[in-house]
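So the structure is just underneath, and the comments pick up after that.
A quick note: this is a predicted structure, and the numbers were derived from the prediction, not measured.
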Amino acid sequence: MSEREDDKQESGRPWDPAGTQPKHDPSALLPDTREPLLPPEAEVVESDAIDDDDGREGDLLPQRRSPGGAPAVAAAPRSSYSPRFQFLTGALVAVGIAALVGIVVLVVGPSTSEPGPPWSPWKPSSSGVQGATEIATHVAPEYRDKGQQLVNIDANDLSFKGVPLTVALRTGADQGGNIQIHGEKGVLYQLCGLGPSCAINKGKASTERGLLLRREGLELALYTFRYLDGVKQVVVLIPPVKGKAQTIALYFRRDEVQAELKRPLTSSLAPKVPSVANVTLSPDAALVDQATDEQYLFTLNGSSFNNGGFLVLEPYSPAADDKLQKDLKAQQQQAAAASGG
């Protein structure tokens, strides 16, 4: 028997004439099946041997592993430099966030926008009737004729000698001629010259002077709506010509001048008040004429149903004004006769 045959019998493997099989036993390379070992520093402690401070039983330290599991790996020792590294890492993150925020601010700009220009360089410091009085005191000296102030302005709420007034407005014939009752909060301005019945005692009545007075009324209304809370309507009494009673009024409602209230006052009315001589040449002449074109005749009527009265506004016409003037003159004569005067 040959040596290869002897090897075959001894190893229990078939004879390999080509010599391709290994000379050693492959099963010898497998690890031995043994009970896994705990880490050298681990110590098994029974759970009934340890009690927590609150009386609860502790767990096994360390936990038992099932046979065949991987050996437990001991925790890596904590370096004394770890807190320092954590602090430096947090600081670097904070610096990075701050830098990113700075870049966003530079690119996008600040989140807060700057307020726009004020509606007017001046505004009243009070509200209510006191605020209306401040507006009248501010506006009146600006309107002049040949260097002299045209009128004085009295301001009040919608009342007459303490009696509250409700506006009763009759629309024009082209609008149906209906009566509209407006009981909202309002302000009453009276433009009064130094002549009888508030007539202007200086200069000559003219279309140009009338336009300038209408501009003054519009400015009063815009200031009032802009700065006095809750005011929905403004009535402005215009001075009469000499020899007549004061019968003409301008009427403004807040919702009709919204465009002027949203933009600065100087965008509607020129910063410099024009004079009587150049009022028609002012850049705001067209706006003033349009906003104040509709004028009314006003009368005061009492009410038998409440303690108030009505401020009646009817469309102006020369014929209606002449009739009203005659009626008022007759009333004055009757009042003088009744008083023995």
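Defined by atom type and a distance below 3.5 Å, a donor-acceptor pair is present between the side-chain atoms of Gln246 and Gln190. No donor-acceptor contact under 3.5 angstrom links the side chains of Arg226 and Ser120, judged on distance only.
Ionic pairing of Asp322 and Lys326 is not present here: no N-O contact between side-chain nitrogen and carboxylate oxygen is shorter than 4.0 angstrom. We find that Glu134 and Lys123 are not joined by a salt bridge, their nearest charged nitrogen and carboxylate oxygen being 4.0 Å or further apart.
Although no hydrogens or angles enter the test, the distance criterion places a donor-acceptor pair under 3.5 Å between the side chain of Asp284 and the main chain of Ala270. Side-chain atoms of Arg254 come within 3.5 Å of backbone atoms of Phe225 as a donor-acceptor pair (strictly under, hydrogens ignored). Side chain of Gln325 to main chain of Ala245: a donor-acceptor pair is present (N/O by atom type, distance under 3.5 Å, no hydrogens or angles). In this structure, the side chain of Ser206 engages the main chain of Arg209 through a donor-acceptor pair within 3.5 Å. Proximity of a side-chain donor or acceptor of Ser282 to a complementary backbone N or O of Val279 within less than 3.5 Å is not detected. Judged by distance alone, with hydrogens and angles left aside, the side-chain atoms of Ser267 form no donor-acceptor pair with the main-chain N or O of Arg263 at under 3.5 Å. Distance alone, capped at 3.5 Å, is enough to place a donor-acceptor pair between the Thr171 side chain and the Asn178 backbone.
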Going through the checks in order, is the salt bridge (charged side-chain N to carboxylate O under 4.0 Å, His left out) test met by Arg214 and Asp289? CA-CA 8 Å; Arg214 287 157 57 190; Asp289 188 50; 2.8 Å; yes
Please test Gln233 against Glu184 for side-chain contact (heavy atoms from CB on, under 4.5 Å), starting from the C-alpha separation and ending with a verdict. CA-CA 7 Å; Gln233 53 185 348; Glu184 303 95 339; 3.8 Å; yes
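Within the structure, ring-ring contact (aromatic ring centres under 6.0 Å, His included) pairs that include any residue of residues 116-159 comprise Trp119-Tyr223, Trp119-Tyr227, Trp122-His138, Trp122-Tyr223, His138-Tyr223 (at least two apart or interchain).
In the hydrophobic clustering of this structure, Val312 does not group with Leu328; members are Ile, Leu, Val, Met, Phe, Trp, Tyr whose side-chain heavy atoms approach within less than 4.5 Å, directly or through other members.
Cluster note: Leu300 groups with Leu158, Phe160, Leu165, Val167, Leu169, Leu188, Val235, Leu237, Tyr251, Tyr296, Phe298, Leu311, Leu313 through ILVMFWY side-chain heavy atoms spaced under 4.5 Å, whether in direct contact or through intervening members.
With sequence neighbours left out, Tyr189 forms a ring pair (Phe, Tyr, Trp, His ring centres under 6.0 Å) with no residue at all.
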